[in-house]
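Worksheet for the structure shown next.
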Amino acid sequence: MKKTALITDLDNTLFDWVELWLNCFSSMLDSIVEISGIEKATLLPEIAAVHQKHGTSEYSFLIDELPSLQAMLKGRPATEVFAESIKIYRLKRREYLQLYATVAEALLIIKGRGTRIVGYTESMAFYSNYRVRRLGLDGVLDFVFCPEDHELPIGLSTEDLRRYPASHYALRYTRQEFTPRGSKKPDAAVLNAIINDLGLSKTSCVYVGDNLMKDVAMAVDCEVCSVWAKYGQAHKRPEYKLLQDVTHWTREEVEREQKIKEREHVQPNYTLEQDFAEILNLFDFGDFHAERTKTA
């Protein structure tokens with residue numbers, strides 16, 4: 001089928017977010033325990049509370065807000081007291097942040113055919129921006145849609161936190177757009193808005209994502225051709241429990257997730273079994289601009 005627009009999830013579709021988060025967070029947590037002498041059993045519920053307060057499991061000022069660490073911090077920034085823990089987190093991030101095999105090659109082939117490529121993620125703007133840049137996707141993705149960042153602690157500004165000029169943190173070629181505050185998959189209204197805002201036609205679009213009940217269900221409800229990245233399903237390893245222990249989901253969100261899972265089986269139009277490049281065998285990706293000219 002001829003397609004001139006590819007809309008893709010990022011986390012666990014283009015790269016292994018679960019593996020990345022587990023290695024970064026668990027290494028940082030082990031270091032915090034070693035430095036502070038406070039047990040994980042004490043820290044975990046406090047971490048979950050902070051994550052839920054800010055609506056993300058990737059909160060940049062987590063250490064500063066943990067009650068059990070306040071006596072040790074004594075008003076000093078976590079970047080000073082727990083510098084080693086933060087350093088370990090960043091080292092693990094560099095080690096584990098990488099695209100799945102075949103993703104780069106497949107995206108470049110699709111891009112070379114003139115197809116519009118759009119990323120859509122529920123990860124907040126700062127981390128989404130960082131990953132797009134570090135993964136070499138700046139300019140490969142034409143757009144990336146994501147939620148805005150959480151608010152900064154009182155008294156801090158973006159300039160206070162930057163170690164480099166502002167240009168270092170900016171996307172140069174990919175345009176970053178924000179999804180409506182509070183919107184979550186599988187809300188088809190967001191995908192519909194993306195398609196409408198970019199002037200795409202649903203028949204020319206294909207949507208790919210790893211979550212059957214969110215990504216695929218959203219595409220189905222939006223009446224867009226759906227592709228399930230089966231290879232990217234969340235890991236069923238014992239370590240995954242750590243993410244569940246400190247999740248940012250509130251009780252209401254857990255109940256919402258349960259209702260989503262109760263939906264009757266969602267059937268994707270196509271399935272990528274082993275890797276992302278299988279998508280090249282499913283569609284004839286073509287030039288978005290030529291399609292626009294033809295329909296204008």
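Basis for what follows: all heavy atoms, side chains included, without hydrogens, waters or symmetry-related copies. These numbers were taken from a predicted model, which means no experiment stands behind them.
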Exam field: side chain Glu278 to backbone Glu273, donor-acceptor pair closer than 3.5 Å: yes
Any donor and acceptor pair, going by atom type alone, linking the side chain of Ser27 with main-chain N or O of Cys24 inside 3.5 Å? no
Listing, residues 46-53 side-chain donor-acceptor contacts under 3.5 Å, not counting sequence neighbours, or none:
unit_1, atom_1, unit_2, atom_2, d
Glu46, OE1, Ser68, N, 3.1
Glu46, OE1, Ser68, OG, 3.2
Glu46, OE2, Ser68, OG, 2.5
His51, ND1, Val246, O, 2.7
Gln52, NE2, Trp249, O, 3.2

By side chain to side chain contact (heavy atoms under 4.5 Å, CB included), which residues pair with Glu177, not counting sequence neighbours? Phe143, Phe145, Arg175
Quick one: closest heavy-atom pair of Pro186 and Ala217, and the distance? CB-CB, 4.3 Å
I'd like to know if the side chain of Asp138 reaches the main chain of Tyr173, judged simply by a donor and an acceptor atom lying under 3.5 Å from each other, with no hydrogens or angles considered. yes
Where do Trp17 and Leu10 land on the side chain to side chain contact (heavy atoms under 4.5 Å, CB included) test, with the steps shown first? CA-CA 9 Å; Trp17 181 87; Leu10 301 185; over 6 Å; no
Answer yes or no: does atom CD of Gln244 have more than 12 heavy-atom neighbours from other residues, nucleotides or ligands under 6.0 Å? yes
May I ask you to check whether over 12 heavy atoms, not counting those of Gln70, lie within 6.0 Å of atom CD? yes
For residues Leu212 and Pro268, determine if any side-chain heavy atom of one lies less than 4.5 Å from a side-chain heavy atom of the other. yes
Verify same cluster id: Leu108, Leu135 (apolar side-chain graph, 4.5 Å): yes
Checking Lys202 side chain against Cys222 main chain: does a donor-acceptor pair fall under 3.5 Å? yes
So, taking the atom named OH in Tyr100 and the one named CZ in Phe276, what distance separates them when rounded to the nearest 0.5 Å? 12.0 Å
Applying the 4.5 Å side-chain criterion to the ILVMFWY set and letting contacts propagate, would Leu97 and Phe126 be lumped into a single cluster? yes
Where Asp287 and Gly114 come nearest, the two heavy atoms and their spacing: OD1-O, 3.5 Å
Please confirm whether the backbone N or O of Val220 pairs with a side-chain atom of Ser226, one donor and one acceptor, at under 3.5 Å? no
Could you check if a side-chain atom of Lys185 sits within less than 4.5 angstrom of a side-chain atom of Asn211, using non-hydrogen atoms only? no
May I have the step-by-step check of side-chain hydrogen bond (donor to acceptor under 3.5 Å, both in side chains) for Asn23 and Tyr96, ending in yes or no? CA-CA 8 Å; Asn23 281 280; Tyr96 285 94; 3.3 Å; yes
Least distance between heavy atoms, Gln176 atom then Ser128 atom: NE2-CB, 4.5 Å
For Thr13 and Val103, which heavy atoms make the closest approach, and how far apart are they? O-CG2, 4.3 Å
For Asp197, which residues count as a side-chain hydrogen bond (donor to acceptor under 3.5 Å, both in side chains) partner, sequence neighbours excluded? none
Pairwise side-chain contact, Leu282 with Val206, heavy-atom cut-off 4.5 Å (strictly under): no
Between Leu171 and Val144, does a side chain to side chain contact (heavy atoms under 4.5 Å, CB included) hold up when you go through it step by step? CA-CA 10 Å; Leu171 293 173; Val144 60; 4.1 Å; yes
Could you list the residues that satisfy side chain to side chain contact (heavy atoms under 4.5 Å, CB included) with Ile35, not counting sequence neighbours? Ser31, Met72, Phe82, Glu84, Ser85
Below 4.5 Å, heavy atoms only, C-beta onward: do Glu148 and Met124 meet side chain to side chain? no
Between CZ of Phe285 and CG of Leu107, what distance do you get to the nearest 0.5 Å? 9.5 Å
Decide yes or no on side chain to side chain contact (heavy atoms under 4.5 Å, CB included) for Ile7 and Val224, but give the supporting numbers first. CA-CA 10 Å; Ile7 306 175; Val224 169; 5.8 Å; no
Looking only at heavy atoms, the pair that brings Ser204 and Ser201 closest together is OG-O, 2.8 Å
In Asp9, Thr8, Thr121, the residue satisfying side-chain contact (heavy atoms from CB on, under 4.5 Å) with Leu14 is Thr8
Specify the closest pair of heavy atoms between Thr174 and Gly139, including all atoms of both residues, with the distance to one decimal. OG1-N, 2.8 Å
Side-chain donor/acceptor of Asp16 to backbone N/O of Asn12, under 3.5 Å: no
Find out if a path of hydrophobic residues (ILVMFWY) with successive side-chain heavy-atom gaps under 4.5 Å connects Phe178 to Val132. no
Any Ser60 side-chain heavy atom under 4.5 Å of Tyr127 side chain: yes
To the nearest 0.5 Å, atom OG1 of Thr42 lies from atom CG of Leu66 at 11.0 Å
Ignoring hydrogens and geometry, is there a side-chain-to-backbone donor-acceptor pair from Ser183 to Thr179 under 3.5 Å? no
Got a second to check how far Thr115's OG1 is from Asp284's CG, nearest 0.5 Å? 8.5 Å
Show your reasoning for whether ring pair (Phe, Tyr, Trp, His ring centres under 6.0 Å) applies to Phe283 and Tyr270. CA-CA 10 Å; Phe283 305 101; Tyr270 301 95; 5.2 Å; yes
Taking side chain as C-beta onward, heavy atoms only, is Leu200 less than 4.5 Å from Ile194? no
Flag, side chain of Asp275 to backbone of Thr102, donor-acceptor distance under 3.5 Å: no
For Glu95, look at atom CD and say whether over 12 heavy atoms of other residues, nucleotides or ligands are found less than 6.0 Å away. yes
Using 0.5 Å steps for rounding, measure from the CE atom of Met28 to the CZ atom of Arg90. 11.0 Å
Once side chain to side chain contact (heavy atoms under 4.5 Å, CB included) is applied, do any residues pair with Thr79, and if so which ones, sequence neighbours excluded? Pro77, Ile86
Aromatic plane relationship, His54 with Tyr59 - under 30° parallel, 30 to 60° tilted, over 60° perpendicular: parallel
Side chain to side chain contact (heavy atoms under 4.5 Å, CB included), that's the test. Do Asp221 and Asp187 meet it? Break it down for me. CA-CA 9 Å; Asp221 291 344; Asp187 185 359; over 6 Å; no
Test item: Glu58 and Phe25 side chains (from C-beta on) under 4.5 Å apart, heavy atoms: no
Applying side-chain hydrogen bond (donor to acceptor under 3.5 Å, both in side chains), can you list everything that pairs with Trp228, at least two apart in sequence or on another chain? none
How long is the span from the OH atom in Tyr207 to the SG atom in Cys225, to the nearest 0.5 Å? 13.0 Å
Could you tell me whether the side chain of Lys3 and the main chain of Thr203 form a donor-acceptor pair under 3.5 Å? yes
If you measure from the Lys or Arg side-chain nitrogens to the Asp or Glu carboxylate oxygens, is any gap between Asp30 and Lys40 under 4.0 Å? yes
Would you say that Lys214 contacts Lys184 through its side chain, given a criterion of any heavy-atom pair below 4.5 Å between the two side chains? no
Between Asp142 and Lys111, is the closest basic N to carboxylate O distance under 4.0 Å? yes
Backbone of Leu73 reached by a side-chain donor or acceptor of Arg76 within 3.5 Å: yes
